[in-house]
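Please read the structure below before turning to the comments.
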Amino acid sequence: MSRHQGSKGKGKVSGRGSNNSRSKSYARGNAPVKSKAATSKSSGNNKSQSSNPDEVRLNKYIANSGVCSRREADTHIATGLVSVNGKIITEMGYKVKIGDEVRYDGARINPEKKAYVLLNKPKGFATTTSEGKGRTVMDLVANATTSRIKPIGRLGRNSKGLLLFTNDEVIADKFTNSKNGVTRLFQIELDKNLKLEDLKKIQQGFKVEGKLIAVEEISYIDGASKKEIGLKIKNTGNTIIRTIFDYLKYEIISLDCVAIGHLTKKDIPRGHWKHLTEQELNTLKML
């Protein structure tokens, strides 16, 4: 599988709101040319028949998402199973915009092709989809896909390592809403050796301001100084890591996410990304 660098090449920006909508095409293939009389006759209706290229009929939107056919979608709409932006829609012919939140039987649906992009994030990039935040991870994956992907969880601007992007809410929920979660492995360098008693305290879990702070695993890294440790968590952010070492009076010099579940940085240079293989995706779905 080829690897790509997000900052090179041409392509549409991914994950930047509504800027990804395609412009209207006026191509008509090999349709016969109409006579002037026919053109004149139909011209009076053009205004009323014109449509917004950024809108699509709700039944087509549902069908394009793979839920069912358009005819079946009409039945589901009529029975109140479909909502748009939180409002139940039963109107036939109702049109939605690409950025609208459409749900079928409570689950959000999306006609976009599902995309799964794994980035090896360098320092200096904020994990956000917002504009005006300087350099962001969205700049690095801008050419990865035209689907509106967004990062799962976050890494601080000065943190580095693996970050997964997708528009698949089922996969995202595995990280954020699942009881089991998905583990992330970090390599951390501290400003001084981690005391054995502090390592054991982290292993056992402790409370900060009444909140239990717990990790999956923590250990020294073989062959390295006691400043360098490996730590596993299921939390999607790295705030818990900062909380732990701030509380124990250590400063984090370097923080690197080296694995997300079974996904590693192998063959992904810093600042580059790749699409998940079918096998990697299937394994992720089974976690």
Side-chain angles (χ1 to χ4, degrees), residues 15 118-130 132-138 140 149-166 169-265 270 284 287:
L118 188 63
L119 170 72
N120 187 355
K121 176 189 174 299
K123 287 184 178 181
F125 290 83
T127 304
T128 179
T129 57
S130 301
K133 300 292 185 180
R135 298 191 302 174
T136 76
V137 293
M138 302 311 301
L140 296 171
I149 56 175
K150 59 183 179 180
I152 299 178
R154 67 184 302 274
L155 289 173
R157 185 180 291 273
N158 292 321
S159 301
K160 55 191 178 182
L162 293 179
L163 196 59
L164 182 62
F165 298 73
T166 187
E169 288 198 350
V170 174
I171 291 296
D173 285 347
K174 282 186 171 290
F175 290 80
T176 57
N177 298 329
S178 172
K179 293 180 180 180
N180 295 326
V182 178
T183 59
R184 296 195 299 164
L185 173 62
F186 292 86
Q187 286 187 357
I188 302 169
E189 181 183 356
L190 303 174
D191 63 328
K192 56 188 176 183
N193 291 342
L194 178 65
K195 298 176 182 177
L196 181 59
E197 55 264 36
D198 286 336
L199 182 139
K200 290 181 177 180
K201 185 172 186 178
I202 297 171
Q203 286 176 330
Q204 295 168 357
F206 58 93
K207 288 187 177 182
V208 176
E209 297 181 353
K211 183 178 180 180
L212 178 64
I213 303 297
V215 303
E216 298 300 307
E217 295 178 27
I218 183 171
S219 63
Y220 296 117
I221 295 177
D222 292 340
S225 71
K226 295 297 189 292
K227 293 181 182 180
E228 299 180 50
I229 60 170
L231 185 148
K232 278 187 179 181
I233 60 171
K234 288 185 178 178
N235 187 283
T236 55
N238 58 3
T239 303
I240 186 173
I241 299 176
R242 300 286 176 184
T243 300
I244 289 171
F245 293 107
D246 283 349
Y247 182 81
L248 297 174
K249 308 301 182 186
Y250 293 90
E251 180 182 348
I252 297 175
I253 303 301
S254 174
L255 187 145
D256 188 356
C257 181
V258 297
I260 299 176
H262 61 293
L263 304 172
T264 69
K265 296 190 296 181
R270 193 80 69 190
L284 188 60
L287 292 178

Q. Yes or no on side-chain contact (heavy atoms from CB on, under 4.5 Å) for Val215 and Lys232, after CA distance, side-chain angles and deciding distance?
A. CA-CA 6 Å; Val215 303; Lys232 278 187 179 181; over 6 Å; no

**Q.** Nearest heavy atoms of Lys265 and Gly161, plus distance in Å
**A.** CD-CA, 4.4 Å

Q.
For the CG atom of Leu185 and the SG atom of Cys257, what is their distance to the nearest 0.5 Å?
A. 7.5 Å

Q: Please answer whether the main-chain N or O of Ser159 pairs with a side-chain N or O of Lys121 as donor and acceptor at a distance below 3.5 Å.
A: yes

Q: With rounding to the nearest 0.5 Å, note down the distance linking CD in Glu217 to CG in Leu231.
A: 9.0 Å

Q.
Distance check, rounded to the nearest 0.5 Å: Asp222 atom CG versus Glu228 atom CD?
A. 11.5 Å

(Q) To the closest 0.5 Å, what do you measure between CG (Leu162) and CG (Leu263)? (A) 7.5 Å

Q) Taking it one step at a time, do Leu190 and Ile252 satisfy side-chain contact (heavy atoms from CB on, under 4.5 Å)? A) CA-CA 5 Å; Leu190 303 174; Ile252 297 175; 4.1 Å; yes

Q. Could you state the interatomic distance from OG1 (Thr243) to CG (Leu248), rounded to the nearest 0.5 Å?
A. 10.5 Å

Q: Mind listing the closest non-hydrogen atom pair of Leu118 and Thr264 along with its distance?
A: CD2-O, 4.0 Å

Q | Flag side-chain contact, heavy atom, 4.5 Å: Tyr250 against Ile188 | A | no

Q. Quick check: are there more than 12 heavy atoms from other residues, nucleotides or ligands sitting under 6.0 Å from OH of Tyr220?
A. yes

Q: Start with the C-alpha gap between Ile213 and Tyr247, add the side-chain angles, then the distance that decides, and say whether side-chain contact (heavy atoms from CB on, under 4.5 Å) holds.
A: CA-CA 11 Å; Ile213 303 297; Tyr247 182 81; over 6 Å; no

(Q) Looking at Leu287, is its backbone amide N or carbonyl O close enough to the side chain of Lys174 to form a donor-acceptor pair, meaning the two atoms are under 3.5 Å apart? (A) yes

Q. For the residue pair Gly153 and Thr127, what are the closest heavy atoms and their distance?
A. O-CG2, 3.7 Å

Q. With the threshold set at 4.0 Å, does a side-chain nitrogen-carboxylate oxygen contact exist between Arg270 and Asp256?
A. yes

Q: Take Ser254 and Lys160 through the test side-chain contact (heavy atoms from CB on, under 4.5 Å) and record every step on the way to the result.
A: CA-CA 8 Å; Ser254 174; Lys160 55 191 178 182; 3.6 Å; yes

Q) Taking all non-hydrogen atoms of both residues, which atom of Arg184 and which atom of Arg154 are closest, and how far apart? A) NH1-O, 3.8 Å

Q.
Does atom NZ (Lys192) have a neighbourhood of more than 12 heavy atoms from anything else shown, all under 6.0 Å?
A. yes

Q) Among Thr129, Leu119, Leu164, whose side-chain contact (heavy atoms from CB on, under 4.5 Å) with Pro151 holds? A) Thr129

Q) Taking only residues at least two apart or on different chains, which pairs with a member in residues 200-209 satisfy salt bridge (charged side-chain N to carboxylate O under 4.0 Å, His left out)? A) none

**Q.** Exercise: identify the closest heavy-atom pair between Leu212 and Gly205
**A.** CD1-C, 4.3 Å

(Q) Would you say that Leu155 contacts Phe125 through its side chain, given a criterion of any heavy-atom pair below 4.5 Å between the two side chains? (A) no

(Q) Keeping Asp191 on the side-chain end and Glu251 on the backbone end, is there a donor-acceptor pair under 3.5 Å? (A) yes

Q: With rounding to the nearest 0.5 Å, note down the distance linking OG1 in Thr166 to CD1 in Ile152.
A: 6.0 Å

Q: Return the minimal non-hydrogen interatomic distance between Ile149 and Met138, and the atom names on each side.
A: O-CE, 3.4 Å

